[in-house]
Amino acid sequence: MPPILKTNPTKTLLLTFLLLSGSFIISKTTHAAPNRQARHDIFKAQIAKGRDLFVNETFSGNGRTCSTCHRLDNNHTIDPKYIARLPDDDPLFIAETNPELAALEQPKLLRQFGLILANIDGFDKPAVLRSVPHLLALGTTITPEEEFEGRVVKHAVGWSADGSPGNGSLRSFTTGAVMQHMPKTLNREEGIDFRLPTDDELDALEAYMLSLGRTEDLDLDNMYFSSPIVQKGRELFHSKEPGTGQCKGCHLNAGANSSSSLQNGNRNTGVDNMPDSPLKLVWKKTPSDGGFGGDERNDCGWSAQETCYGNNEFNMTSVVEAADTAPFFHNNSVNTIEEAVAFYNSNAFHASPGANPADPNDPESVCERCIHLEPTQVTAIALFLRTINAMENIRSSNDLDWQAYSQKRKPRRALLKLAIAETEDAIEVLEGGVIIPNPQSVQLLHKALSHQQEALYTPISRQARNLLKQAIEYKQQANDLLLKEAPAATNED
Ligand code: HEC
Ligand code: HEC
């Protein structure tokens with residue numbers, strides 16, 4: 001059985017720590033700590049500090065915090081359904097209530113599509129509309145391919161890998177986010193409209209963000225699913241052979257890395273070139289998004305006549321985290337995971353460099369990735385993506401339950417609420433495919449959920465702990481039922 005479910009929070013923390021001490025900048029204090037345990041403690045404290053800043057710090061700005069958009073109980077992202085439940089005085093809607101900030105967002109598009117204005121190409125160029133990415137598994141998704149068009153970026157962050165100012169690192173992304181989303185006025189003057197984060201704050205926020213979600217990739221070639229539909233979905237997804245989905249090339253192990261470079265690359269897959277984009281039907285003048293870089297060009301969008309800035313490449317994303325973070329793509333242009341899979345059947349993708357289309361001047365050439373998936377195959381891939389997403393939700397929910405287990409009532413309740421949100425997500429993605437390949441898993445998850453809810457309301461710690469243990473067990477069983485052992489090797493000759 002593959003080691004999908006890590007229920008041991010210490011192990012997760014340690015993994016995160018190792019990851020950090022290996023390839024990421026961490027604060028000097030952490031490096032200087034005398035021994036492993038001391039480093040571990042400092043690191044734990046740093047994550048806790050980062051979490052507090054993420055949720056509460058406004059950086060003397062307009063009242064927004066990082067969690068205004070990256071909601072902790074919603075996979076650190078936000079979507080139209082979540083937005084519809086917020087009160088009008090939520091700082092997310094500051095552009096509707098503060099005349100000085102009327103142009104900070106496009107309020108209608110924020111409410112309908114969950115899209116945020118982002119000056120990716122600089123504050124002197126038109127802002128583009130982008131969806132809010134989840135911040136999960138960042139440690140596995142931001143190591144960039146050698147260079148992007150001759151420009152070296154430290155980490156590939158943001159939908160086009162160039163969202164971070166300065167050296168382009170995850171750490172400095174925070175500074176850009178403060179300037180972009182949190183100013184008191186659009187003059188964006190430091191010291192007046194906001195204050196910049198300190199070095200310590202940047203360290204803590206980086207540590208917090210890297211602690212979210214998975215810290216390692218799946219090993220899909222050695223995973224076998226009990227449902228033949230899901231198993232077929234895995235085979236169609238994790239392959240580069242013609243006749244399959246050929247998704248592996250850009251989503252190795254359903255992550256964000258190329259199967260050739262083993263790193264996180266940028267590709268032009270033509271998402272912005274789909275006709276009748278819901279966004280442009282609502283606001284005709286929506287600026288085209290040119291993705292990576294800032295060079296002006298005039299061949300963008302469906303008409304191939306619009307102006308945009310960049311080389312039209314976007315950053316490969318992890319898809320383990322996809323199914324419960326709809327809508328999809330950098331502009332939230334499609335609703336469901338099924339439609340996101342079917343995008344790869346589209347003319348927009350087939351004409352894009354990502355598909356390696358045939359060269360019109362070379363009669364011998366063929367389109368290498370003009371993927372064609374029948375609706376049944378789209379369904380199978382989507383059910384596979386739903387299944388691995390549910391497994392990740394179970395892992396995360398159990399991790400949070402374990403953390404809640406040893407806490408007193410108040411912190412226990414806070415952690416439990418997040419754990420419950422993860423169990424709900426697991427149920428939602430497994431039921432949302434309409435066909436339910438593993439009904440028993442769904443039943444067990446419902447049982448786990450009601451135990452978690454009971455634990456949330458009981459004031460007696462011992463009782464809460466018993467309920468949590470049982471909930472963890474149910475979830476573990478639900479997870480295990482999704483998988484099966486590797487088939488015995490056949491010897492047909
Ligand atoms: C008003 C909404 C909003 C707020 C507030 C906000 N973000 Fe974001 N965040 C976004 C959007 C939109 C993107 C996509 C930007 C891009 O494509 O470059 C993003 C992207 C990111 C990413 C890149 C993730 C990835 O997968 O590459 C990180 C990291 C991030 N935000 C951290 C933060 C931090 C830290 C704060 C607080 C200082 C913050 N954000 C505040 C909307 C927001
Ligand atoms: C040529 C590289 C490439 C191939 C092949 C590819 N993808 Fe992608 N994928 C990307 C890029 C780049 C993005 C981000 C695009 C954007 O937002 O504009 C993406 C985004 C996605 C998303 C949306 C994630 C989110 O959180 O919004 C899903 C789902 C997805 N891909 C699934 C698939 C599936 C299924 C296949 C195979 C049928 C596939 N991809 C093949 C490059 C690729």
Side-chain angles (χ1 to χ4, degrees), residues 50 53-54 57 59 61 64-70 76-78 91-92 94 104-105 110 114-118 120 128-138 141-142 155-164 170-171 173-178 180-182 197 201-202 205-206 208-209 233 236-237 239-240 244-251 254 256 258 264-272 289 291 312-319 321-323 325-334 337 339-345 349 352-356 369 371 373 377-378 381-382 384-385:
L53 291 166
F54 194 90
E57 184 55 57
F59 297 98
R64 286 172 161 185
T65 70
C66 303
S67 67
T68 299
C69 296
H70 301 282
H76 286 75
T77 174
I78 203 159
L92 181 65
I94 191 90
L104 181 67
E105 304 293 354
L110 174 58
L115 291 169
I116 300 292
L117 279 181
I120 302 296
V128 292
L129 284 141
R130 294 226 172 146
S131 60
V132 179
H134 62 73
L135 302 180
L136 307 176
L138 280 171
T141 65
I142 60 173
H155 295 139
V157 270
W159 282 105
S160 45
D162 56 353
S164 180
L170 173 63
R171 186 174 177 276
F173 201 101
T174 297
T175 304
V178 169
Q180 176 72 55
H181 306 299
M182 302 187 180
E201 287 172 333
L202 291 178
L205 279 161
E206 185 195 40
Y208 173 67
M209 290 193 279
L236 289 167
F237 180 94
S239 169
K240 287 168 84 172
T244 70
Q246 301 188 57
C247 316
K248 182 180 179 177
C250 299
H251 300 287
S258 148
N264 182 223
N266 266 8
R267 301 289 183 270
N268 177 353
T269 55
V271 167
D272 250 42
D289 190 337
N312 282 326
E313 289 184 357
F314 288 85
N315 194 232
M316 282 141 47
T317 55
S318 168
V319 289
E321 286 76 17
T325 54
F328 299 100
F329 301 124
H330 67 268
N331 51 7
N332 273 350
S333 50
V334 307
I337 192 73
E339 284 156 343
V341 178
F343 161 74
Y344 293 91
N345 278 336
F349 177 65
S352 76
N356 275 341
R369 278 203 191 119
I371 294 160
L373 295 164
Q377 296 173 313
V378 170
I381 294 183
F384 156 70
L385 292 175

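All values below were derived from every heavy atom in this structure, side-chain atoms included, with hydrogens, water molecules and symmetry-related copies excluded. Since the model is a prediction, treat every value here as computed from it, not as a measurement. When a ligand or atom number is given, it counts from 1 through the structure's own listing order.
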So which atom in [X] and which in [Y] form the shortest heavy-atom distance, rounded to 0.1 Å?
{"X": "Asn264", "Y": "Ile142", "answer": "OD1-CA, 4.1 Å"}
{"X": "Asn312", "Y": "Asp289", "answer": "OD1-O, 3.9 Å"}
{"X": "Ala322", "Y": "Ile337", "answer": "CB-CD1, 3.9 Å"}
{"X": "Ala256", "Y": "Ser318", "answer": "CB-N, 3.5 Å"}
{"X": "Pro197", "Y": "Val178", "answer": "CG-CG2, 4.1 Å"}
{"X": "Gly354", "Y": "Arg369", "answer": "O-NH1, 3.0 Å"}

Enumerated ligand 1 atoms positioned under 4.0 Å from heavy atoms of [X]:
{"X": "Ile120", "result": "16 (C), 18 (O)"}
{"X": "Val157", "result": "27 (O)"}
{"X": "Thr174", "result": "35 (C), 38 (C)"}
{"X": "Thr65", "result": "5 (C)"}
{"X": "Met209", "result": "29 (C), 32 (C), 35 (C)"}
{"X": "Gly163", "result": "18 (O)"}
{"X": "Arg64", "result": "1 (C)"}

**Item:** ligand 1 N/O within reach of Thr68 N/O, cut-off under 3.5 Å
**Value:** no

**Request:** May I ask you to check whether Trp159 has an N/O atom sitting below 3.5 Å from an N/O atom of ligand 1?
**Result:** yes

Look up atom [atom1] in [X] and atom [atom2] in [Y], then write down how far apart they are to the nearest 0.5 Å.
{"X": "Met182", "Y": "Ile94", "atom1": "CE", "atom2": "CD1", "value": "12.0 Å"}
{"X": "Ile116", "Y": "Leu129", "atom1": "CD1", "atom2": "CG", "value": "9.0 Å"}
{"X": "Ile78", "Y": "Thr325", "atom1": "CD1", "atom2": "OG1", "value": "13.5 Å"}
{"X": "Cys250", "Y": "Tyr344", "atom1": "SG", "atom2": "OH", "value": "7.0 Å"}
{"X": "Asp272", "Y": "Ser352", "atom1": "CG", "atom2": "OG", "value": "12.0 Å"}
{"X": "His330", "Y": "Ser131", "atom1": "NE2", "atom2": "OG", "value": "8.0 Å"}

**Request:** Examine the proximity of ligand 1 to Asp162 and report which part, side chain or backbone, both or neither, has a heavy atom under 4.0 Å away.
**Result:** neither

**Prompt:** Between Ser131 and ligand 1, which part of the residue brings a heavy atom under 4.0 Å of the ligand: side chain, backbone, both or neither?
**Reply:** backbone

**Asked** Does Asn266 reach the main-chain N or O of Ser160 with its side chain, forming a donor-acceptor pair under 3.5 Å?
**Response** yes

**Message:** Please check this pair: side chain of Arg64 against backbone of Pro91, looking for a donor-acceptor N/O pair closer than 3.5 Å.
**Reply:** yes

**Message:** Ring centroids only, cut at 6.0 angstrom: are Phe343 and Phe329 within range, meaning strictly under it?
**Reply:** yes

**Item:** Ring centre gap for Phe173 and His155 strictly below 6.0 Å
**Value:** no

**Request:** Would you please determine whether Met182 falls within less than 4.0 Å of ligand 1 on a heavy-atom basis?
**Result:** yes

**Sub-4.0 Å heavy-atom approach of Ile78 to ligand 1** = no

Considering the heavy atoms of [X], write down every atom of ligand 2 situated less than 4.0 Å from one of them.
{"X": "Gln246", "value": "5 (C)"}
{"X": "Phe328", "value": "25 (C), 27 (O)"}
{"X": "His330", "value": "16 (C), 17 (O), 18 (O)"}

**Message:** Applying side chain to side chain contact (heavy atoms under 4.5 Å, CB included) to Phe54 and His70, what does each step give before you reach the verdict?
**Reply:** CA-CA 9 Å; Phe54 194 90; His70 301 282; 3.5 Å; yes

[atom]: the protein heavy-atom neighbour that sits closest, reported with distance to 0.1 Å:
{"atom": "atom 26 (O) of ligand 1", "result": "Leu138 CD2, 3.7 Å"}
{"atom": "atom 12 (C) of ligand 2", "result": "Phe314 O, 3.5 Å"}
{"atom": "atom 25 (C) of ligand 1", "result": "Gly158 N, 3.7 Å"}
{"atom": "atom 29 (C) of ligand 1", "result": "Leu170 CD1, 3.5 Å"}
{"atom": "atom 22 (C) of ligand 2", "result": "Phe329 CE2, 3.6 Å"}

**Complete:** Listed as residue and atom, the protein N/O/S atoms under 2.8 Å from atom 8 (Fe) of ligand 1 are His70 NE2

**Complete:** The number of protein N, O or S atoms lying under 2.8 Å from atom 8 (Fe) of ligand 2 is 2

**Asked** So Ser258 and Met316, side chain to side chain contact (heavy atoms under 4.5 Å, CB included) or not? Walk me through it.
**Response** CA-CA 8 Å; Ser258 148; Met316 282 141 47; 3.8 Å; yes

**Prompt:** Is Glu105 salt-bridged to Arg130, cutoff N-O under 4.0 Å?
**Reply:** no

**Message:** Walk me through whether Phe328 and Val271 qualify under side chain to side chain contact (heavy atoms under 4.5 Å, CB included).
**Reply:** CA-CA 10 Å; Phe328 299 100; Val271 167; over 6 Å; no

**Prompt:** Quick one: does Asn315 get within less than 4.0 Å of ligand 2, heavy atoms only?
**Reply:** yes

**Message:** Is there a side chain to side chain contact (heavy atoms under 4.5 Å, CB included) between Leu104 and Leu117? Walk through the geometry before answering.
**Reply:** CA-CA 7 Å; Leu104 181 67; Leu117 279 181; over 6 Å; no

**Item:** Per-residue contact class, His134 against ligand 2 - non-hydrogen pairs under 4.0 Å
**Value:** neither

